[in-house]
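Here, residue 1 is the first one in the sequence, and each next residue gets the next number.
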Amino acid sequence: MGAWAIAVHGGAGVDPNLPKERQEEAKRLLTRCLDIGISALRSNLPAIDVVELVVRELETDPVFNSGRGSALTENGTVEMEASIMDGPKRRCGAVSGLTTVKNPVSLARLVMDKTPHTYLAFAGAEEFARKQGVELADNEYFITEDNVGMLKLAKEANSILFDYRIPTLGTCGGGAAMESPIQMNGLPISVYAPETVGCVVVDKEGHCAAATSTGGLMNKMTGRIGDSPLIGSGTYACDLVAVSCTGEGEAIIRSTLAREVAAVMEYKGLNLHEAVEYVIKYRLDEGKAGLIAVSKNGEVACGFNTTGMFRGCATEDGFMEVGVW
């Protein structure tokens, strides 16, 4: 019997000028999710059940970019994606292109548990959801007034917005992009600050699990798929460690960031904190990202090379922390 640990995140790349009330709102949600996870772990719920439970809570609250409150595509719709992975035997499930599923992480769990496949997307994933009887909603359920306004700003700026809740003064116009150009796949974008959500857990049995969920990028091309549903990139869990990533999806995909944490622990013999520091420093090239991780030994760690990352963690010995910067 080991010691349990849990970590949650609500996205890396926080704007330095984010209003205090927005920061406090995010911290309250992260604290609530940690409390839910802690209670479940104390009740001996398996790690895979805990990560699903916590991410469902994050998807249901519109504070972050997942489930209700997801970012909008260029067509003003949502296309949500999620993945989940159980460390023992590395079982996993993933979904993309969801438009009606209230909790994408739970559909990913059903892909893992109820199909011979790992990944379902778009019409096929929606059909599977209907057959499984999961809770559905019209696309309008996921669209908030803030999102509609930010999509309009993104279109006016002819840009992809990563954090649609960043104060827009001086950040969304072409001038800001020219003064401080950030590039994705060699193309300039004007704002960098995504808000994907995720959870990683190790339970008392030493079993690790991870889950990640997102609405993607504001004003993204229809059909775009990021790192969050890609096993080994946005999400990974094995006997040794569980990882959930957030940030510049294309950079995370190129670096298979989540798997890299496990790889350097396995092949270089690094401990969890060393592994997280190593991949953030040496595996992202010029990309911007963050991640949370737990090890089978009950350790917890986070790392990011952005201004900040919405995050929280707790361990069985009573340690608990929620932070932004």
Exercise for the section: First locate atom CG of Leu41, then atom OG1 of Thr315, and finally report the distance between them rounded to the nearest 0.5 Å. Expected result: 11.0 Å
Practice task
Establish, for the pair Lys27 and Phe310, whether the NZ or CZ atom is under 6.0 angstrom from the six-membered ring centre and no further than 45 degrees off its axis.
Solution key: no
Practice task
Please check if the side chain of Glu260 supplies one atom and the backbone of Val279 the other of a donor-acceptor pair under 3.5 Å.
Solution key: no
Problem - Thr99 side, atom OG1; Tyr141 side, atom OH - distance, nearest 0.5 Å - result: 14.0 Å
Practice task
Answer yes or no: is there a donor N or O on one side and an acceptor on the other, between the side chain of Glu126 and the main chain of Thr100, under 3.5 Å?
Solution key: yes
Practice task
State whether a side-chain donor-acceptor pair under 3.5 Å links Glu79 with Thr73.
Solution key: no
Practice task
Find out whether the Lys NZ or Arg CZ of Arg283 is both under 6.0 angstrom from the six-membered ring centre of Tyr278 and within 45° of the ring's axis.
Solution key: no
Exercise for the section: Decide whether Glu74 and Asn219 meet the rule of one side-chain donor and one side-chain acceptor closer than 3.5 Å. Expected result: no
Practice task
Would you tell me whether Ser106 and Glu52 have side-chain atoms, one donor and one acceptor, within less than 3.5 Å of each other?
Solution key: yes
Practice task
Would you check if the side chain of Asn65 reaches a backbone N or O of Thr214 as a donor-acceptor pair within less than 3.5 Å?
Solution key: no
Practice task
Any chance you could measure Thr77, atom OG1, to Leu72, atom CG, to the nearest 0.5 Å?
Solution key: 7.5 Å
Completion exercise
Which of Ser66, Ser83, Ser244, Ser233 passes side-chain hydrogen bond (donor to acceptor under 3.5 Å, both in side chains) with Thr212? It is Ser244
Problem - Whether Asp285 side chain and Gly287 backbone form a donor-acceptor pair below 3.5 Å - result: no
Exercise for the section: Tell me, yes or no, whether the heavy-atom count around Lys102 atom NZ, taken from other residues, nucleotides or ligands under 6.0 Å, exceeds 12. Expected result: yes
